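The next block holds one structure in the form of structure tokens; read it before the comments.
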There are 2 protein chains.
Amino acid sequence: MNAQTINKIKDLLEKHGIQPSYQRIKIMEFLYKNKNHPTIEEIYNNLSPEIPTLSRTTVYNTIHLFNQKGLVSVICIDEKEMHVDPDVKPHIHFKCIKCGRIYDIKEPAEVFSWDSIDGHIIYEKEIFLKGICKHCKNESI
Amino acid sequence: MNAQTINKIKDLLEKHGIQPSYQRIKIMEFLYKNKNHPTIEEIYNNLSPEIPTLSRTTVYNTIHLFNQKGLVSVICIDEKEMHVDPDVKPHIHFKCIKCGRIYDIKEPAEVFSWDSIDGHIIYEKEIFLKGICKHCKNESI
DNA sequence: GTATCTGCAAAACATTTGCAATTCT
DNA sequence: AGAATTGCAAATGTTTTGCAGATAC
């Protein structure tokens with residue numbers, strides 16, 4: 001991994017008022033390299049070999065901080081585990097019920113343009129689709 | 001509660017291949033009287049006085065069975081607890097981040113008419129909105 | 001009389017919390 | 001030195017599982 005990437009991430013964090021600690025930089029770097037909506041466990045398992053002292057607590061802390069500062073969004077698409085998405089622009093998520101993969105869908109949805117409905121003020125919008133993805137469809141028996 | 005209601009629920013359960021046990025009838029009755037997306041805990045707490053032997057396990061078992069048979073849908077709108085919705089027709093949910101209430105939104109969404117996207121087959125569609133509801137908005141300081 | 005349903009107790013599991021040790025500036 | 005960050009260990013809270021007793025057909 002090159003120094004230029006690290007510096008870009010450092011700048012990004014500082015611009016959002018986040019102290020760029022080693023752990024935070026590595027976690028953000030991992031998110032940008034793995035846009036497959038990893039879970040906390042996946043982030044932890046992947047970075048553990050390189051950062052042997054890393055704890056799950058730090059991953060949780062860091063993701064909460066990133067989420068709070070608007071750097072990532074946390075998606076709770078059923079199941080029990082939360083997934084981390086470095087793309088904070090509103091978009092549709094499709095989850096395959098066979099392989100578990102989560103896909104980003106670029107298709108626009110009018111819901112994303114609403115800022116209120118029935119008198120309620122809208123701050124967050126999520127569209128979750130579930131089914132069989134194009135890969136699993138073709139692998140069927 | 002009248003015998004007519006019980007019979008309607010019995011018929012409904014039997015029509016879906018579900019043995020109409022006392023617990024199942026009471027849980028379904030509760031769901032039809034309380035359309036506010038109750039949690040397992042709320043169902044359990046409300047029925048416990050009337051059915052002292054009721055266990056959380058039975059509520060879980062029953063809701064999973066109902067869900068499997070298409071009688072209710074289970075919604076996981078962030079947080080940790082699941083909510084039960086006796087309305088299985090696709091519709092938008094709005095959750096107030098202040099009071100926690102979940103509202104059904106009647107507004108149509110084009111997403112609900114899709115049955116595939118980007119080559120993926122869609123079986124389930126969920127739209128979750130979050131913000132401040134019209135009641136909390138007016139109660140603000 | 002056999003299959004199904006119920007419910008207790010324990011397990012599983014993701015996430016949070018308290019706090020002490022470490023690391024930055 | 002002082003403030004922020006890290007990470008261990010324990011707690012929390014929801015859901016699941018194993019199994020024995022009760023109930024229904």
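Lettering of chains follows the sequences in order, A, B, ..., and the numbering in each one begins at 1. What's counted below: heavy atoms across the whole structure, side chains too, no hydrogens, waters or symmetry copies. These numbers were taken from a predicted model, which means no experiment stands behind them.
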- Have a look at A:Q23 and say if it touches a base, only the backbone sugar-phosphate, or nothing, with a 4.0 Å heavy-atom cut-off. sugar-phosphate
- Quick one: label A:T53 by what it contacts on the DNA or RNA (base, sugar-phosphate, nothing), any heavy atom closer than 4.0 Å. sugar-phosphate
- Message: Need one value for A:S21: base, sugar-phosphate or nothing, where a base atom within 4.0 Å counts as base even if backbone is also close, heavy atoms only.
- Response: sugar-phosphate
- Query: Would you call A:K33 and A:E29 a salt bridge, taking side-chain N to carboxylate O under 4.0 Å as the test?
  - Reply: yes
Enumerate the protein-to-nucleotides 16-25 of chain C contacts in which both atoms are nitrogen or oxygen and the separation is below 3.5 Å.
{"from": "C:dT16", "atom 1": "OP2", "to": "A:H64", "atom 2": "NE2", "distance (Å)": "3.2"}

- Task: State, to 0.1 Å, how close A:I27 and A:T58 come at their nearest heavy-atom pair, and which atoms those are.
- Result: CD1-O, 4.4 Å
- Item | Span of DNA chain D, from the first to the last nucleotide whose atoms fall under 4.0 Å of chain B heavy atoms | D:dT14 to D:dT17
- Item | Non-hydrogen atoms of A:K95 and A:E79 that approach each other most closely | NZ-CG, 3.3 Å
- Message: Given 3.5 Å as the limit, does a donor-acceptor pair link the side chain of B:K137 with the main chain of A:G119, or not?
- Response: yes
- Between A:E41 and B:T58, which is nearer to the 5' end of DNA chain C once each is assigned its nearest nucleotide? B:T58
- Could you tell me the separation between the CD atom of B:E79 and the P atom of C:dA14, rounded to a whole number of Å? 19 Å
- Query: Where do B:D85 and B:H91 land on the side-chain hydrogen bond (donor to acceptor under 3.5 Å, both in side chains) test, with the steps shown first?
  - Reply: CA-CA 11 Å; B:D85 190 348; B:H91 59 281; 3.1 Å; yes
- Residue whose closest nucleotide on DNA chain D lies nearer the 5' end, B:P20 versus A:Y44: A:Y44
- Message: As an exercise, state the distance from CD1 of A:I117 to CD1 of B:I105, rounded to the nearest 0.5 Å.
- Response: 6.0 Å
- What is the minimum heavy-atom distance between B:F112 and B:P90, and which atoms define it? CD2-CB, 3.5 Å
- Item | A:H120 ring center within less than 6.0 Å of B:Y103 ring center | yes
